Amino acid sequence: MSDTSPSEERTSRNFIEEIIERDLKEGRHKSVLTRFPPEPNGYLHIGHAKSITLNFGLAEKYGGETNLRFDDTNPVTETVEYVENIKQDVRWLGYEWAREKYASDYFEHLFDFAIRLIRDGLAYVDDSTSEEIAAMKGTPTRPGTDSPYRSRTPEENEDLFHRMREGEFPEGSCILRAKIDMSSPNMLMRDPVIYRIKHAPHHRTGDKWCIYPTYDMAHGQSDAIEKITHSICTLEFMPHRELYDWLIDKLDLYPSRQYEFARLNMSYTIMSKRRLLKLVEDGIVDGWDDPRMPTISGLRRRGFTPEAIRDFCTRIGVAKRDNVIDVSLLEFCAREHLNKISLRRMVVFDPVKLVITNWPDGEVEELESENNPEDESAGTRKIPFGGELYIEREDFMEDPPKKFFRLGPGRSVRLKSAFIITCDDFIRDENGRLTEIRSRYHPESKSGSDTSGIKAKGTLHWVSITHAHKIEVREYDRLFTVANPSEEADKNDGKFIDYINSDSLNVVPVAYAEPAIAGDAPGNYYQFMRKGYYFPDKATTREKQIYNRTVTLRDDWARKSKQGK
RNA sequence: UGCCCGGUCGUCUAAGGGUAGGACAGCUGGUUUUGGUCCAGUCAGUGGGGGUUCGAAUCCUCCCCGGGCAACCA
């Protein structure tokens, strides 16, 4: 029992947690309300998972709530299909939102806000072309110039804006701009566009509207309407904060505050939704949920667990400096969780026949093996053992080096959960290809009751030939050949396609699995012993089972032998 | 060349004037019926120069480097 006074345990907090704790302590807020604001124009990826974990995690930690709010202000790129998939992904990650909202819920409200700005002389309708507006914007080093339409009266502007809404004008003919400061050092404050005409149906409001608010006109106001306390976004929105605050101030709304953190980058992949879409459209991958994609749906199909992804998102931390997380951290998180929960099964990928010469002809013995050595409650399963087995071709060498703990002439190994065998002979065909290994087993070395006294350094996985269940296995490697594809692409006219790894998918059409796998309930996470972690693909059927390799096991032997070369 | 951010082991991330710590990756060993897991150990960092201070990753200053900003995208 610890009766020591709580010694001000200094747990490390990220900068946003510090802000929240300060706000709570100083009474600025009584509770926390965050939001996760995806635009439904693509699928969620691991970078969004960071944001989701942050927003929902913060609310969880400080006893608050999180809204899911779709930032659906651009009907041209947004669809209900994206909305549905985003919701599915957030739920799969393990989060449930307090309210489901859409920026489009507030279109009428936002329109009224615009009218208020107009009446207060803080917004005007500009008939300039987009080229003219761009030219008048100036550059980061040179101030902009006022539009000739900047001095229209509020009455004229209000009339024009209503007529924009009524559909009197074609797209591009005019827009509504906030009237701020054309010489501001912040380009975003140089009379930003806040409403534009789009004669396009919206996935929720149909054809009710032909004018739509821009991000800046919608986001902060939606936050304020919902009374979001901490509006957390990525670094590239930093310059928007001044405009965010300006609008809240001029419209006298609830003072939501925006805070920016560095988005996630991960080695050997890309996070740009635009570029991910291109991979899908060009058929380089098999859809948004291709197991090589960094999308939530891709990771799910690949066999990553929500727990592993959440763990990853908390381990990477939250800060403001640009970062590239090593993908090996994600793999570590996957292995750590999968090691605890996965069912162990034996699967031989590249078989060679192993004959047990002293095994009674035709006899089959059912051996028992644990499903998961990390979890006794996972129970055991039976594995048939007989006189003809498959083992992995790479587990035999005719002339093995000393440190090779597997099979070779005269050598003994343990067959996992079975017997120790000793290799007496092997057969090669006319091409020198190994076709058969002949060995004898030691009856008193049976797993669990070994009295043989024989020492075997290595243990091999195996499967009885007559009982083997054929499965297909898909092995995945990183999608790109370079650690930072986006950076390389930026230096290469944006052509990230040049860095695609052409060997990122290897299909093993037939692998031989122990029969237990055929009877397992669907949806299990597996470890194929000595190989890696595998998960049934969505296309798997009872007749044809297909497994995706999530990640290999760590393999010191492979690493060392590679080093030796 | 203007404005705004940022710079701590290879990669992330702590230390908020008082011993630069953790994780991943790497490397050594030990245990092991998975060359897995687990355990132990080890390598490795404050961008640079001045200044303030008994004491600076931390405060000041100059410099260097990286990122962002000129969509009717978000």
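First the proteins, then the strands, lettered A, B, ... as listed; each starts at 1. Every value quoted in this text rests on a predicted model; they were computed, and no experiment measured them. Heavy atoms only: backbone and side chains are in, while hydrogens, waters and symmetry mates are out.
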Could you tell me whether [X] contacts a base, only the sugar-phosphate backbone, or nothing, with contacts defined as non-hydrogen atoms closer than 4.0 Å?
{"X": "A:Gly448", "answer": "base"}
{"X": "A:Phe237", "answer": "base"}
{"X": "A:Lys455", "answer": "nothing"}
{"X": "A:Phe528", "answer": "nothing"}
{"X": "A:Lys198", "answer": "sugar-phosphate"}
{"X": "A:Glu242", "answer": "nothing"}
{"X": "A:Arg554", "answer": "sugar-phosphate"}
{"X": "A:Arg344", "answer": "base"}
{"X": "A:Ser328", "answer": "sugar-phosphate"}
{"X": "A:Thr459", "answer": "sugar-phosphate"}
{"X": "A:Thr77", "answer": "nothing"}
{"X": "A:Arg406", "answer": "base"}
{"X": "A:Val76", "answer": "nothing"}

Atom pairs under 3.5 Å, N or O on each side, protein against nucleotides 17-23 of chain B: can you list them with distances?
{"unit_1": "B:A23", "atom_1": "O2'", "unit_2": "A:Arg315", "atom_2": "NH1", "d": "3.1"}

Can you check the [X] [atom1] to [N] [atom2] distance for me, whole Å?
{"X": "A:Asn339", "N": "B:G36", "atom1": "CG", "atom2": "P", "answer": "12 Å"}
{"X": "A:Phe385", "N": "B:U33", "atom1": "CZ", "atom2": "C1'", "answer": "14 Å"}
{"X": "A:Lys491", "N": "B:G66", "atom1": "NZ", "atom2": "P", "answer": "11 Å"}
{"X": "A:Leu44", "N": "B:A74", "atom1": "CG", "atom2": "C1'", "answer": "14 Å"}
{"X": "A:Ile46", "N": "B:C12", "atom1": "CD1", "atom2": "P", "answer": "16 Å"}
{"X": "A:Leu188", "N": "B:C72", "atom1": "CG", "atom2": "C1'", "answer": "14 Å"}
{"X": "A:Arg190", "N": "B:C72", "atom1": "CZ", "atom2": "C1'", "answer": "18 Å"}
{"X": "A:Glu368", "N": "B:U33", "atom1": "CD", "atom2": "C1'", "answer": "15 Å"}

Partners meeting ring-ring contact (aromatic ring centres under 6.0 Å, His included) with [X] (sequence neighbours left out):
{"X": "A:His199", "value": "none"}
{"X": "A:Tyr441", "value": "A:Trp359, A:Phe419"}
{"X": "A:Phe36", "value": "none"}

Can you say whether the rings of A:Phe161 and A:Tyr195 are parallel (under 30°), tilted (30 to 60°) or perpendicular (over 60°)?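 Perpendicular: the ring planes of A:Phe161 and A:Tyr195 meet at over 60°.
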Distance-only donor-acceptor test (3.5 Å): side chain A:Ser447, base B:U33: yes
The side-chain hydrogen bond (donor to acceptor under 3.5 Å, both in side chains) partners of A:Arg549 (sequence neighbours excluded) come to none
Quick one: side-chain hydrogen bond (donor to acceptor under 3.5 Å, both in side chains) partners of A:Lys87, sequence neighbours excluded? A:Glu100
Can you confirm whether or not the ring centre of [X] sits under 6.0 Å from the ring centre of [Y]?
{"X": "A:Phe107", "Y": "A:His202", "answer": "yes"}
{"X": "A:Tyr268", "Y": "A:Phe480", "answer": "no"}
{"X": "A:Tyr547", "Y": "A:Phe535", "answer": "no"}
{"X": "A:Tyr82", "Y": "A:Tyr43", "answer": "yes"}
{"X": "A:His240", "Y": "A:Tyr244", "answer": "no"}

Take atom [atom1] in [N] and the same atom in [M], then report the distance between them in whole Å.
{"N": "B:U53", "M": "B:C59", "atom1": "C1'", "answer": "10 Å"}
{"N": "B:C9", "M": "B:U46", "atom1": "P", "answer": "7 Å"}
{"N": "B:C63", "M": "B:G68", "atom1": "P", "answer": "22 Å"}
{"N": "B:C27", "M": "B:U37", "atom1": "P", "answer": "13 Å"}
{"N": "B:A40", "M": "B:G49", "atom1": "P", "answer": "39 Å"}

If you check every side-chain atom of A:Asp326, which of B:U11, B:C72, B:G35 has the closest atom?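 When the side chain of A:Asp326 is considered, B:U11 is the closest of B:U11, B:C72, B:G35.
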Taking the side chain of A:Lys416 as its heavy atoms from C-beta onward, which of B:U34, B:C72, B:G35 lies nearest to it? B:U34
Presence of [X] side-chain N/O under 4.0 Å of [N] phosphate oxygens OP1/OP2:
{"X": "A:Thr214", "N": "B:A74", "answer": "no"}
{"X": "A:Arg263", "N": "B:G67", "answer": "no"}
{"X": "A:Arg530", "N": "B:U33", "answer": "no"}

First locate atom OG of A:Ser231, then atom OH of A:Tyr259, and finally report the distance between them rounded to the nearest 0.5 Å.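 So the gap between those two atoms works out to 10.0 Å.
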Go through it in stages, so that I can follow the logic: the residues are A:Leu460 and A:Arg406, the test is side chain to side chain contact (heavy atoms under 4.5 Å, CB included), and I'd like the CA-CA distance, side-chain angles, deciding distance and then a yes or no. CA-CA 7 Å; A:Leu460 307 185; A:Arg406 309 178 188 181; 4.1 Å; yes
RNA chain B contacts among residues 371-379 of chain A, heavy-atom distance under 4.0 Å: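 Going residue by residue through residues 371-379 of chain A, the ones with a heavy atom under 4.0 Å of RNA chain B turn out to be A:Pro373, A:Glu374.
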RNA chain B contacts made by residues 264-272 of chain A, counting heavy atoms under 4.0 Å: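 Correct list: empty, so none.
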Would you verify whether the NZ or CZ of [X] falls within 45 degrees of the ring axis of [Y] while also being under 6.0 Å from that six-membered ring's centre?
{"X": "A:Lys457", "Y": "A:Phe405", "answer": "yes"}
{"X": "A:Lys531", "Y": "A:Phe349", "answer": "yes"}
{"X": "A:Arg345", "Y": "A:Phe528", "answer": "no"}

B:G35 base stacked by A:Trp557 (centroids within less than 5.5 Å, tilt under 30°): yes
So what stems show up for RNA chain B if we need 3 or more Watson-Crick or G-U pairs in a row, all under 3.5 Å? B:2-7 with B:64-69, B:10-13 with B:21-24, B:26-30 with B:38-42, B:47-51 with B:59-63
Restricting to pairs with a member in residues 327-343 of chain A, which pass salt bridge (charged side-chain N to carboxylate O under 4.0 Å, His left out), not counting sequence neighbours? A:Arg315-A:Glu336
Filter on salt bridge (charged side-chain N to carboxylate O under 4.0 Å, His left out), then keep only pairs touching residues 130-148 of chain A, sequence neighbours left out; what's left? A:Asp146-A:Arg150
Between the protein and nucleotides 2-9 of chain B, are there any N/O to N/O pairs under 3.5 Å, and if so, what are the atom names and distances?
{"unit_1": "B:G2", "atom_1": "N3", "unit_2": "A:Pro140", "atom_2": "O", "d": "3.0"}

